[in-house]
Amino acid sequence: MKKFTKVRTAMIGILVTLSLVIFSAKPTEAAFTDVNKKYTEAVDYLISQNATSGISETQFGTDLSIKRVDAAVMIAKVLGLTIGVAPNAGFTDVPVERQPYVNALVAEGIFHGKTATHFGAHDTMTREEMAKVIASAYDLVASEGATIPFTDVSDRFYPYVAALYKNGVASGKDADTFGTGNVTRGEFALFIFRAANGTEPEVIGVY
């Protein structure tokens, strides 16, 4: 009888442990109805790094343009930057709870404001801006004199786009267009994942 009681107690303990593991597990792409297999690894990676939890319990916001302040928080968390020690960057448009992330990125030279006092926190991020941030965050460079096939990239962002292109992080929207419009949350997740893990796009010309 005592032996049976011990076995039963042990089994209950195992079941309780499993339940705690299941219910405490971090959400994956399965929780997001707008994440397809193209984004699965990237979204899972960001979640594993505590970089994002999506825009709701069921939506990652894959096709939504990402705001500069959201991008800043996301990449600061993925990089594991020390938060709360960098000097105030002086931006008046960054929400108080997000200032430490922006300050840390500015101190590292990864992100910059649009003016000395305006970060553009709620402005959407362009693909060119994304290229600069990702290249700066992961120290990606292209060889001197490297060329890219895109005709729509400005001189200011050319080195950063070239760095992403040559390192397999981002290709263009098509053969000769990088795409200078807004970057989506899904795209940003892919670019961070590729830069951090050294993976390349499966098909060139998609992102």
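Note that this is a predicted model, so its numbers are computed, not measured.
- For E57, the CD atom counts as loosely surrounded, since its 6.0 Å shell holds 12 or fewer non-hydrogen atoms of other residues, nucleotides or ligands.
- For residues 59-81, every residue pair satisfying the ring-ring contact (aromatic ring centres under 6.0 Å, His included) rule, not counting sequence neighbours, is listed here: F32-F60.
- The closest side-chain heavy-atom distance from L190 to Y45 is not below 4.5 Å.
- Proximity of V161 to R127: side-chain heavy atoms (C-beta onward) are nowhere separated by under 4.5 Å.
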field: Audit row: D93, H122, side-chain contact (heavy atoms from CB on, under 4.5 Å) steps and yes/no
entry: CA-CA 8 Å; D93 63 330; H122 300 292; 5.7 Å; no

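- Atom CD of E41 has 12 or fewer neighbouring heavy atoms from other residues, nucleotides or ligands inside a 6.0 Å radius.
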message: Using the rule given for side-chain contact (heavy atoms from CB on, under 4.5 Å), can you reason through T147 versus Y158, listing the C-alpha separation, both sets of side-chain angles and the distance that settles it, and then say yes or no?
response: CA-CA 9 Å; T147 60; Y158 194 97; 3.9 Å; yes

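- Side-chain atoms of E187 and I66, non-hydrogen and from C-beta on, never get closer than 4.5 Å to each other.
- Scanning all heavy atoms of the two residues, the minimum distance from A170 to F191 falls at CB-CE2, 3.4 Å.
- Between the side chain of Q99 and the backbone N or O of V94, at least one donor-acceptor pair lies under 3.5 Å.
- No side-chain heavy atom of F178 sits less than 4.5 Å from a side-chain heavy atom of I148.
- Side-chain contacts under 4.5 Å among hydrophobic residues (ILVMFWY), followed directly or transitively, place I55 together with L64.
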Which pairs of donor and acceptor atoms, one on a side chain in residues 81-92, lie under 3.5 Å apart (sequence neighbours left out)?
residue: N88; atom: OD1; partner: G90; partner atom: N; Å: 2.6
residue: T92; atom: OG1; partner: T117; partner atom: O; Å: 3.3

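- Of the candidates V73, I192, N50, T52, V78 forms a side chain to side chain contact (heavy atoms under 4.5 Å, CB included) with just one, namely I192.
- Y138 places a side-chain heavy atom less than 4.5 Å from the side chain of L79.
- The heavy-atom pair separating S171 from F150 by the smallest distance is C-CZ, 3.9 Å.
- A side-chain donor-acceptor contact under 3.5 Å links N167 to the backbone of V141.
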- request: Kindly indicate, with the supporting measurements, whether the criterion side-chain contact (heavy atoms from CB on, under 4.5 Å) is fulfilled by Y101 and K77.
  value: CA-CA 8 Å; Y101 300 97; K77 287 184 175 181; 3.6 Å; yes

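- Without hydrogens or angle criteria, D34 side chain to T62 main chain gives a donor-acceptor distance under 3.5 Å.
- Across all their heavy atoms, M74 and L46 have their closest contact at SD-CD1, 3.6 Å.
- Contact check for V169 versus M130: no side-chain heavy atoms found under the 4.5 Å cut-off.
- Listed for the K114 side chain is no donor-acceptor partner under 3.5 Å among the backbone atoms of A121.
- Side-chain atoms of D152 come within 3.5 Å of backbone N or O of G179 as a donor-acceptor pair.
- In this structure, F157 and E129 have side chains that are in contact, with non-hydrogen atoms separated by less than 4.5 Å.
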- request: Kindly indicate, with the supporting measurements, whether the criterion side-chain contact (heavy atoms from CB on, under 4.5 Å) is fulfilled by T184 and N182.
  value: CA-CA 6 Å; T184 67; N182 295 333; over 6 Å; no

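- Here the CZ atom belonging to R185 is positioned 11.0 Å from the CG atom belonging to D63, to the nearest 0.5 angstrom.
- For K166 against A146, the heavy-atom pair with the smallest separation is CE-CB, 4.0 Å.
- Here the CZ-CG distance, from F188 to D70, works out to 10.0 Å after rounding to the nearest 0.5 Å.
- Here the side chains of V133 and M125 are in contact, with some heavy-atom distance below 4.5 Å.
- Annotation for H112 and G109: closest pair CE1-O, 3.5 Å, computed over non-hydrogen atoms.
- Here the closest non-hydrogen pair linking A71 and F111 is C-CE1, 4.4 Å.
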